[in-house]
Amino acid sequence: MDSFEKKKKELTDQERIAALQKDEISRAKFAAVKDVLQLIDLTSSKTRSYTVYSKDNLRTYLQNPSTEANQKNLRNLSEFLYTVSHVYRRLILNKANQFDAKSYIVYPKLNDNGDVEESSYQNYIKTSNYVQGMHLDTQVRKCLIKAWLDDVVYGFCYGEPENDNFFIHILNPDYCKISSVDYYSGKINFAFNFSFFDGSNSFYLDVYDPIFNKMYNSYKSDSKLRWQELPPEKTFCLKINEENLDYPIPPFSGMFNSLIDLVDLSQIQAVKDELSAYKLIWAKIPTISGSKEVDDFAVDLELANQFYQKLQGIIPDGIALGLSPLDLNDINFETNAAEDTNVVNKALNNLLEANGSVILNSNRITNSTSFKMAVFADSMTAMSIVKQFNVFVNFYIKNNLNVEDVIVEFSDVSRYFKDDKIDQLLKLSQYGIPVKLQLLSLVGVDPAKARSLEYLEDKLGLAKTKWINPLVSSNVQSGLSENGDGSEGAPIKDDKDLTDEGEASRDKDTNQK
């Protein structure tokens, strides 16, 4: 008995130790995730300063953008303009905000017989829940802003979507470069410069994914491994100018020269506006007429200074006072405010229109058709990145969820044109075309949420019709009511029923006659 109790106690201790170890691992993982999310030392204050770039320097960077130094300078200039130029910020945000990561559908692949295997349907449910757990709508926007600023964004994925946690950590672009493209999927992969962890950045090894520490040790053993490609199944890479993978160039780099001019012009105008509010009043100290002496003033200088000091105490702000024996006139710094404003506005209009951004200057658009076409043209470039998102998500699911028979597809419709797309799908749905999931995706309802809502409405008795029925338009729906009060009437008869009913009616009339 004692032996049994001892064995039971030993087993309990082993289980307790295993549980404690598991708990320590979980806490370590949480701490790593928390640190990666934070990545800011709250105990120290950091400052960010920008280099003042001349136009000559800008030309040099653009003439040879393939060097790492020039790429870095262009990225820094892009971030500087994003900070100081409201126009540039609007351009970047206009592009980044058009993509909606909530608008996507999930569907299983068909087998050779044109059917969906039961296993594929189960994988569809599994994948829908998995993508929902990625919460891409909270991760994508920051990536898109970075991509439109730099032309490329490099990210490393953390978390477990099946446990409803996932995030993309954006890496320093100064230490990343595109290294390969997956042959089958087209996913862009990149290498990381592990000298990043040398010196003061070494503490990041404790908070980054363990693979960084492992690869850094390889680099320390062999300096030739300074650049190593990170595991593709854990990385996220998006490039705006996909046709050129050799080196990145900020997409709006052609506007930098004009943007700098606009910033300078606005600053000059601000100085002119400030000066126009000032006035200088002068007081002349007279000299004795006919005197041969130098500096022979008619008023004692000490007395003049006393009056000068008294006047200084009573004049309002915006007025300066001067004391001089010389002849002076009132000096006004007034300018033609309307003309100056037109100069700045003209420069802004020329900048936007020269770069095809008439959408940001809607005052120049004369009618709704022109506005819609301008928005459509602008959205084409903004939505060109959808294909890369589709590649990333499906590649990530294949390699982390081990599912290959299900496809995730993001909508390539800009936020500006969702209503138009919804109208189009509603018209198609009247003919029984299966577009209900696409309709839901356009209003931000993902596949997993759609199934949950369907089940809940059916369970609560809120659904009058099953989802398998085709949607009907309002004029057809009105035929379902006899009294016009929303109550259900007799079902609408098809053409054959109406024909048979008409023939029966004619036969009845003939017999009566």
Side-chain angles (χ1 to χ4, degrees), residues 99-140 143 155-168 181-189 231-238 383-413 418 421 425 428-429 432-456 458 466-468 470:
F99 176 73
D100 186 3
K102 288 185 176 181
S103 296
Y104 67 90
I105 58 174
V106 180
Y107 56 94
K109 294 181 180 180
L110 300 177
N111 59 22
D112 294 339
N113 296 324
D115 300 324
V116 175
E117 301 286 350
E118 180 61 27
S119 59
S120 297
Y121 178 74
Q122 295 301 323
N123 284 336
Y124 158 75
I125 302 297
K126 185 178 179 181
T127 303
S128 298
N129 294 332
Y130 192 80
V131 179
Q132 185 185 53
M134 294 177 75
H135 300 289
L136 289 173
D137 56 302
T138 65
Q139 301 297 318
V140 165
C143 296
F156 195 88
C157 302
Y158 291 83
E160 299 171 345
E162 59 266 35
N163 294 327
D164 205 37
N165 62 76
F166 175 85
F167 69 94
I168 300 175
V181 178
D182 185 74
Y183 180 81
Y184 295 101
S185 66
K187 180 184 179 297
I188 301 175
N189 305 316
E233 67 274 9
K234 290 293 184 181
T235 59
F236 170 79
C237 185
L238 175 71
M383 301 306 294
S384 62
I385 45 81
V386 174
K387 182 181 70 173
Q388 295 185 55
F389 271 104
N390 290 336
V391 169
F392 159 70
V393 172
N394 287 285
F395 187 89
Y396 191 86
I397 291 171
K398 176 182 177 180
N399 290 276
N400 293 277
L401 191 62
N402 297 320
V403 171
E404 299 186 35
D405 54 355
V406 175
I407 298 173
V408 179
E409 187 176 288
F410 287 91
S411 171
D412 59 355
V413 179
K418 277 190 174 183
K421 188 65 176 180
L425 294 178
L428 293 174
S429 68
I433 297 177
V435 295
K436 298 173 185 176
L437 291 177
Q438 288 178 269
L439 281 168
L440 283 173
S441 73
L442 291 174
V443 295
V445 179
D446 61 68
K449 184 178 179 180
R451 286 188 55 80
S452 298
L453 292 176
E454 178 195 11
Y455 172 81
L456 187 60
D458 183 63
K466 294 294 183 181
W467 277 54
I468 57 174

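None of the values given here were measured: they were computed from a predicted structure.
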Undergrad: Which atom names give the shortest non-hydrogen contact between S441 and S103, and what distance separates them?
TA: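 Where S441 meets S103 most closely, the heavy atoms are O-OG, 2.9 Å.
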Undergrad: Using the side-chain contact (heavy atoms from CB on, under 4.5 Å) rule, pick out the option among I385, V140, L136 that qualifies with F410.
TA: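 Only match with F410 under side-chain contact (heavy atoms from CB on, under 4.5 Å): L136.
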Undergrad: Does any part of the side chain of D405, heavy atoms only, come nearer than 4.5 Å to the side chain of E117, both counted from C-beta?
TA: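 The answer is no, as the side chains (C-beta and beyond) never meet within the 4.5 Å cut-off.
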Undergrad: Could you measure the distance from the CD1 atom of I105 to the NZ atom of K436? Nearest 0.5 Å is fine.
TA: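 It comes to 15.0 Å.
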Undergrad: What I'd like to find out is whether the side chain of V391 reaches to under 4.5 Å of the side chain of D182, using heavy atoms alone.
TA: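 They are not in contact (no side-chain heavy atoms under 4.5 Å apart), so the answer is no.
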Undergrad: Can you see which heavy atom on V406 is nearest to which on Y124, and at what distance?
TA: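 Smallest interatomic distance, heavy atoms only, reads CG2-N, 3.6 Å.
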Undergrad: Below 4.5 Å, heavy atoms only, C-beta onward: do V116 and L110 meet side chain to side chain?
TA: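 Counting from C-beta outward, V116 and L110 do come under 4.5 Å.
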Undergrad: How many angstroms lie between atom NZ of K449 and atom OG of S128, to the nearest 0.5 angstrom?
TA: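 Nearest 0.5 Å value for the NZ-OG distance: 14.5 Å.
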Undergrad: Tell me, with the steps shown, if Y104 and F389 meet ring-ring contact (aromatic ring centres under 6.0 Å, His included).
TA: CA-CA 11 Å; Y104 67 90; F389 271 104; over 10 Å; no
Undergrad: Just so I know, are the side chains of R451 and I125 near enough to count as touching, which here means a heavy-atom distance under 4.5 Å?
TA: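 Contact flag for R451/I125 side chains = yes.
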Undergrad: Is a donor on one side and an acceptor on the other found under 3.5 Å between the side chain of D137 and the backbone of A101?
TA: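 Checked: no pair found.
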Undergrad: Do any N or O atoms from the side chain of D446 and from the backbone of A448 form a donor-acceptor pair under 3.5 angstrom?
TA: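 Yes; judged by distance alone, with no hydrogens or angles, the pair exists.
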Undergrad: How many angstroms lie between atom CZ of F392 and atom CD1 of I397, to the nearest 0.5 angstrom?
TA: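 F392 CZ to I397 CD1: 9.0 Å, rounded to 0.5 Å.
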Undergrad: Whether the K418 and S411 side chains hold a donor-acceptor pair (N or O, under 3.5 Å, no angle test) is what I'd like checked.
TA: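 Result is no, nothing qualifies.
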Undergrad: Apply the test side-chain contact (heavy atoms from CB on, under 4.5 Å) to residues L453 and L440: give CA-CA distance (whole Å), side-chain angles for both, the deciding distance (0.1 Å), then the verdict.
TA: CA-CA 11 Å; L453 292 176; L440 283 173; over 6 Å; no
Undergrad: Could you tell me the separation between the CG atom of N390 and the OG atom of S185, rounded to the nearest 0.5 Å?
TA: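 Here the rounded value is 12.0 Å.
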Undergrad: To the nearest 0.5 Å, how far apart are CD in E118 and CG in N123?
TA: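 E118 CD to N123 CG: 10.0 Å, rounded to 0.5 Å.
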Undergrad: Report yes or no: does K187 contribute a side-chain atom to a donor-acceptor pair with the main-chain N or O of C237 at less than 3.5 Å?
TA: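 Here the side-chain-to-backbone pair does not exist.
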Undergrad: Please state whether the rings of F167 and Y158 are parallel, tilted or perpendicular, taking 30° and 60° as the class boundaries.
TA: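 F167 vs Y158 ring planes: parallel.
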Undergrad: Start with the C-alpha gap between N165 and E160, add the side-chain angles, then the distance that decides, and say whether side-chain contact (heavy atoms from CB on, under 4.5 Å) holds.
TA: CA-CA 5 Å; N165 62 76; E160 299 171 345; 4.1 Å; yes
Undergrad: Considering all heavy atoms of both residues, which atom of V106 and which atom of T127 are nearest to each other, and what is their separation?
TA: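 Closest heavy-atom pair between V106 and T127: CG1-CG2, 4.1 Å.
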Undergrad: For the residue pair V435 and S429, what are the closest heavy atoms and their distance?
TA: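 Scanning both residues, the minimum pair turns out to be CG2-CB, 3.7 Å.
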Undergrad: For a 4.5 angstrom cut-off between non-hydrogen side-chain atoms, does F166 reach Y130?
TA: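 Side-chain contact under 4.5 Å: no.
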Undergrad: Should Y184 and K398 count as side-chain neighbours, where that means a heavy-atom distance under 4.5 Å?
TA: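 Side chain of Y184 against side chain of K398, heavy atoms only: no contact under 4.5 Å found.
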Undergrad: So, taking the atom named CD in E409 and the one named NZ in K387, what distance separates them when rounded to the nearest 0.5 Å?
TA: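 Rounded to the nearest 0.5 Å, the CD-NZ separation comes out at 13.0 Å.
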Undergrad: The test is side-chain contact (heavy atoms from CB on, under 4.5 Å); show your working for D164 and H135 and say whether it passes.
TA: CA-CA 8 Å; D164 205 37; H135 300 289; 2.7 Å; yes
Undergrad: What heavy-atom pair brings G444 and K102 nearest, and what distance separates the two atoms?
TA: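 So the two residues come closest at CA-CB, 4.2 Å.
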Undergrad: Does Q139 use its side chain to pair, donor to acceptor, with the backbone of I168 at less than 3.5 Å?
TA: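 Between the backbone of I168 and the side chain of Q139 there is a qualifying donor-acceptor contact (under 3.5 Å).
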